[in-house]
Amino acid sequence: MRNTITQRGHWKKTHYNCQLSSLPDGTEVTVMGWLQDVRDLGKIKFLVLRDSTGVAQVTVKVDAATKNIVDLLSKLTRESVIAVKGVVKRTEKSRLGFEVIPSELKVLNYAKKPLPLEVTGKTPADFETRMSVRFMDLRRRSELLIFKIQHEVLRAIRSFLHEKGFTEVFTPKILASATEGGAELFKVKYFDKDAYLAQSPQLYKEVLTSCFEKVYEIGVYFRAEESNTPYHLNEFVSVDIEAAFMDYEDVMQLLEECIKHVYHHLAANCSRELRELGVELTKEDVTKHFPRITYSKALEVLQDKGFAINWGEDLTTPALRKLSEEFEGYYFITDWPTETKPFYIKPSVKDKNICEAFDLMWRHIELASGGTRIHVREELEESLRLKGLNPESFKEHLKAFDYGMPPHAGWGLGLSRLIMAITRRQNIREVVLFPRDRTRLTP
RNA sequence: GCCCCGGUGGUGUAGUCCGGUCUAGCAUGUAGGCCUGUCGAGCCUGCGACCCGGGUUCAAAUCCCGGCCGGGGCGCCA
């Protein structure tokens with residue numbers, strides 16, 4: 001006999017699993033979800049029904065259940081989608097404190113077998129296996145929680161920036177020129193023209209400070225770098241802000257407050273979820289001041305640790321690992337050599353070799369980068385030339401600096417890197433639903 | 001792009017150093033059976049695998065070469 005899929009018909013899901021435990025005994029419910037497991041003891045069968053919010057136990061006593069239910073059960077496979085109408089029974093016999101006694105059962109879809117990985121987590125799966133069947137991997141609660149937490153992080157960031165008077169904007173991701181310099185861009189066809197995918201909203205958000213004053217954008221960007229590390233992706237989400245009449249000290253302070261606000265929000269809204277991921281939030285997470293260390297000071301610290309780096313050189317990954325031994329959690333590296341930073345970063349008035357730039361670090365990973373921007377056209381052109389770039393190819397951008405560009409500053413924060421830091425995951429791919437890296441283009 | 005490590009049933013592993021008794025072990029899964037309180041259920045029986053291509057050898061999961069794929073460390077990343 002063929003497996004039959006029933007139409008959902010007029011049935012409506014009345015409750016999510018996470019709501020069931022607080023319902024009074026005898027409440028009639030219709031629950032829908034995935035059959036994670038069946039513990040079959042013969043005359044009594046326990047179904048573990050999972051939905052996006054958690055699991056519920058459906059208890060079927062063969063002698064008391066309808067023949068239809070028993071027949072359907074005999075053919076059910078794990079991860080099939082089912083709907084159960086029944087009543088909630090509060091009982092100490094179930095560890096959840098309740099169970100659902102079914103009166104009707106519908107199979108909404110059958111899952112094939114064998115499954116490509118174990119959703120229960122009983123048998124661990126390789127990274128590669130997990131990524132290749134990511135839709136299944138994400139049914140595991142630990143993986144789902146990462147993205148529930150990311151959702152809360154974004155909610156916190158948006159409310160924080162809104163409170164601070166920032167306007168959320170969207171800038172183009174398809175650009176005419178690849179002349180920004182820096183990272184390699186992906187080239188795409190734009191009808192009969194060549195175009196490039198944006199690697200950041202940098203130039204647009206700066207221009208927008210001349211009208212909105214304070215803007216932020218949460219967007220997806222692309223870099224065609226052949227990186228191969230656990231913290232680089234070719235497609236990533238960045239949280240960018242830019243503010244008129246502020247300098248790097250101001251926006252650094254803002255960034256620190258923003259991260260603290262995120263932790264505050266998480267402590268209030270998802271400490272249980274974080275605990276499930278093995279992360280225990282402490283009071284320090286919300287209160288501790290982020291240490292600030294200048295680039296020059298960092299070099300001294302490294303010198304003491306036997307790491308010789310010439311002034312002016314960028315800090316290598318091994319150097320940053322070494323340096324991070326000095327700090328617990330987040331810290332800023334400030335006052336970088338002008339030559340290590342992009343053309344739009346403002347050199348210090350006191351010393352042209354140093355610029356008003358900072359990186360927010362977590363361990364050896366750069367979470368955010370920001371600074372005071374050059375807002376005077378002549379200085380910007382000078383800076384472009386010093387970096388070996390041609391001001392002519394920035395003509396369109398420079399135009400905005402002719403008509404009242406305010407002094408401004410800003411930063412860009414890698415969202416997934418922040419999520420890595422919060423959830424303590426080791427590989428950025430784990431905190432991205434469908435990561436795009438050097439070799440991964442599917443799923 | 002460079003260096004290191006790895007690839008064994010659907011899933012995760014043992015075995016590889018030191019080739020043969022590996023007819024490839026275990027767990028999970030899966031199929032069937034027993035079981036009315038399981039909650040990683042338990043017990044019994046069955047099923048299912050050596051990444052690809054060359055080479056060495058009487059003999060290759062095991063050694064050598066190449067490829068593909070993955071992980072880590074770097075580099076690249078205004």
Side-chain angles (χ1 to χ4, degrees), chain A residues 36-49 55-65 74-75 77-79 89 91-99 101 111-133 136-137 140 178-185 199-200 202-203 221-234 236 314-321 336 338-345 355 357 359 364-366 369-371 373-374 383-384 386-389 394 412 414 417 426-427 429-430 437-440:
Chain A
Q36 183 168 95
D37 202 4
V38 181
R39 285 187 282 274
D40 187 347
L41 278 68
K43 285 289 178 60
I44 186 166
K45 303 174 200 301
F46 302 99
L47 318 187
V48 179
L49 177 70
V55 293
Q57 173 170 290
V58 178
T59 303
V60 180
K61 291 185 180 175
V62 173
D63 293 341
S74 68
K75 293 191 296 274
T77 51
R78 286 176 182 230
E79 293 304 313
K89 187 177 150 200
T91 169
E92 290 309 309
K93 286 181 183 173
S94 162
R95 276 190 201 156
L96 295 167
F98 72 91
E99 58 191 5
I101 308 298
K112 276 191 191 173
K113 60 192 174 185
L115 298 170
L117 64 73
E118 308 241 347
V119 177
T120 57
K122 249 184 258 181
T123 307
D126 254 5
F127 198 82
E128 170 61 12
T129 307
R130 290 176 44 203
M131 287 301 149
S132 67
V133 281
M136 290 282 302
D137 185 45
R140 296 162 58 213
T179 51
E180 273 184 47
E184 288 292 320
L185 303 189
Q199 56 154 320
S200 95
Q202 186 60 37
L203 304 186
Y221 301 97
F222 308 89
R223 293 190 184 173
E225 296 293 338
E226 302 198 9
S227 299
N228 189 206
T229 79
Y231 40 86
H232 282 91
L233 288 176
N234 297 286
F236 64 100
D314 211 339
L315 301 180
T316 62
T317 305
L320 288 168
R321 282 180 195 275
W336 289 79
T338 306
E339 60 193 290
T340 64
K341 289 295 176 183
F343 72 86
Y344 49 78
I345 292 288
C355 63
D359 283 358
H364 61 284
I365 300 174
E366 176 193 321
S369 192
R373 323 301 191 186
I374 297 172
S383 179
L384 281 166
L386 279 171
K387 303 278 179 196
L389 296 165
F394 289 82
R417 289 185 175 184
Q426 300 294 318
N427 191 319
R429 293 159 183 82
E430 288 188 80
D437 63 24
R438 179 65 190 84
T439 56
R440 238 177 288 260

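Remember, predicted model here, so these are calculated numbers, not experimental data. Every chain is numbered from 1 and lettered A, B, ... according to where its sequence line falls, protein lines coming before strand lines.
- Comparing B/C22 with B/C3, their C1' atoms sit 34 Å apart, to the nearest whole Å.
- Side-chain contact between A/Pro342 and A/Lys387 is absent, with no heavy atoms from C-beta onward closer than 4.5 Å.
- B/C43 is paired with B/G33 under the Watson-Crick or G-U wobble criterion, all donor-acceptor distances under 3.5 Å.
- Judged by closest nucleotide on RNA chain B, A/Glu99 is the one of A/Glu99 and A/Tyr231 placed further toward the 5' end.
- Comparing B/G37, B/C77, B/G1 by their nearest atom to the side chain of A/Lys93 picks out B/G37.
- Of the possible polar contacts, none joining the A/Arg373 side chain to the A/Tyr344 backbone as a donor-acceptor pair under 3.5 Å is found.
- Counting only distance, with no hydrogens or angles, the side chain of A/Thr77 and the backbone of A/Ala111 share a donor-acceptor pair below 3.5 Å.
- Across all strands shown, B/C63 forms a Watson-Crick or G-U wobble pair with B/G55, both key distances being under 3.5 Å.
- The side chain of A/Pro342 sits closest to B/A78 out of B/U38, B/A78, B/C74.
- The closest donor-acceptor contact from the side chain of A/Thr229 to the backbone of A/Tyr231 lies under 3.5 Å.
- Contact check on A/Arg440 versus A/Glu128 returns a salt bridge, with a Lys/Arg side-chain nitrogen under 4.0 Å from an Asp/Glu carboxylate oxygen.
- If you take atom P in B/G67 and the same atom in B/C4, they sit 14 Å apart, rounded to whole Å.
- Residue A/Ile44 places its side chain closer to B/G37 than to any other of B/G1, B/G37, B/G10.
- When the P atom is compared between B/G10 and B/G20, the two are found 25 Å apart, to the nearest whole Å.
- Considering only side-chain N and O atoms, A/Arg373 lies nowhere under 4.0 angstrom from the phosphate OP1 or OP2 of B/A78.
- Using a distance-only test at 3.5 Å, with no hydrogens or angles considered, a donor-acceptor pair links the side chain of A/Ser383 to the main chain of A/Phe343.
- Summarising the geometry, the separation between CG on A/Asp63 and P on B/C35 is reported as 12 Å, rounded to the nearest angstrom.
- Between the CD atom of A/Gln426 and the C1' atom of B/G72 there is a distance of 11 Å, given to the nearest Å.
- Proximity note for A/Glu128 (side chain, C-beta onward) versus B/C77, B/G70, B/G73: the nearest is B/G70.
- Of the possible polar contacts, none joining the A/Arg140 side chain to the A/Gly121 backbone as a donor-acceptor pair under 3.5 Å is found.
- Across all strands, A/Arg440 comes closer than 4.0 Å only to sugar-phosphate atoms, never to a base (heavy-atom distances).
- In this structure, CG of A/Leu315 is placed 14 Å from P of B/C74, rounded to the nearest angstrom.
- The separation of B/G53 from B/C44, taken at their P atoms, amounts to 39 Å, rounded to a whole angstrom.
- Nearest to the side chain of A/Lys122, among B/U30, B/C77, B/U28, sits B/U28.
- For the atom pair OG1 (A/Thr59) and CZ (A/Phe98), the distance works out to 10.0 Å, reported to the nearest 0.5 Å.
- Among the heavy atoms of the strands lying under 4.0 Å from A/Asn228 is at least one base atom, whether or not backbone atoms are also near.
- Taking 3.5 Å as the limit, the base of B/G75 and the side chain of A/Glu226 contain no donor-acceptor pair of atoms between them.
- Under 3.5 Å, the side chain of A/Ser227 and the base of B/C77 form no donor-acceptor pair of N or O atoms.
- Base engagement by A/Asp40 is indicated by at least one non-hydrogen atom pair under 4.0 Å involving a base atom.
- Taking a cutoff of 4.0 Å between a charged side-chain nitrogen and a carboxylate oxygen, A/Glu430 and A/Arg130 qualify as a salt bridge.
- For A/Asp37 and B/G37, the CG to P distance is 18 Å, given to the nearest whole Å.
- Using a 4.0 Å heavy-atom distance criterion, A/Lys341 is classed as a sugar-phosphate-only contact.
- Looking only at distances, a side-chain donor or acceptor of A/Glu225 sits under 3.5 Å from a matching main-chain atom of A/Glu184.
- The base-pairing partner of B/A49, taking Watson-Crick or G-U wobble contacts with both distances under 3.5 Å, does not exist among the strands shown.
- Within 4.0 Å (heavy atoms only), A/Glu184 reaches no atom of the nucleic acid at all.
- Comparing atom distances between the A/Leu41 side chain and each of B/G37, B/A78, B/G75 picks out B/G37 as nearest.
- Between A/Arg39 and B/U38 there is no side-chain polar atom (N or O) within less than 4.0 angstrom of OP1 or OP2.
- In this structure, A/Asn427 reaches the sugar-phosphate backbone alone: every heavy-atom distance under 4.0 Å involves primed, P, OP1 or OP2 atoms, never a base.
- Rounded to whole Å, the separation between the C1' atoms of B/G66 and B/U56 comes to 15 Å.
- Nucleic acid contact class of A/Thr439 (heavy atoms, under 4.0 Å, all strands): sugar-phosphate only.
- Across the protein-nucleic acid pair, A/Ile365 atom CD1 and B/G73 atom P stand 9 Å apart, rounded to whole Å.
- Along RNA chain B, the nucleotide nearest A/Phe46 and the nucleotide nearest A/Leu117 are compared for position; the residue whose nucleotide lies closer to the 5' end is A/Leu117.
- With both ends at atom C1', the span from B/G15 to B/A61 equals 8 Å, rounded to whole Å.
- Considering only the side chain of A/His232, B/C76 comes nearest among B/G37, B/G70, B/C76.
- Distance NE2 (A/His364) to C1' (B/G72): 11 Å, rounded to an integer number of Å.
- Looking at heavy-atom distances under 4.0 Å, A/Arg321 makes contact with sugar-phosphate atoms alone, never a base.
- In this structure, A/Thr340 reaches neither bases nor backbone, as no heavy-atom distance under 4.0 Å exists between it and the strands shown.
- For A/Thr317, whose side chain is taken as the heavy atoms from C-beta onward, the closest listed nucleotide among B/G71, B/G29, B/G75 is B/G75.
- Rounded to whole Å, atom C1' of B/U28 lies 15 Å from atom CD of A/Glu79.
- Spacing of C1' atoms, B/G19 relative to B/C64, comes out at 13 Å, to the nearest Å.
- Of the candidate nucleotides B/G71, B/G75, B/G12, B/G12 has the atom nearest to the side chain of A/Thr129.
- To the nearest whole angstrom, the two P atoms, one in B/C18 and one in B/U62, are 14 Å apart.
- Considering only side-chain N and O atoms, A/Arg223 lies nowhere under 4.0 angstrom from the phosphate OP1 or OP2 of B/C76.
- Atom pair A/Asp437:CG and B/C69:C1' shows a separation of 12 Å (rounding to whole Å applied).
- The side chain of A/Glu118 sits closest to B/G10 out of B/A31, B/U36, B/G10.
- Side chain A/Lys113 to base B/G10: no donor-acceptor pair is found below 3.5 Å.
- Look at B/G70: its Watson-Crick or wobble partner, with both distances under 3.5 angstrom, is B/C5.
- Within 4.0 Å of A/Phe127, counting heavy atoms only, lie sugar-phosphate atoms of the nucleic acid but no base atom.
- Shown here, B/C26 forms a base pair with B/G12; the pair counts as Watson-Crick or G-U wobble because both key distances fall under 3.5 Å.
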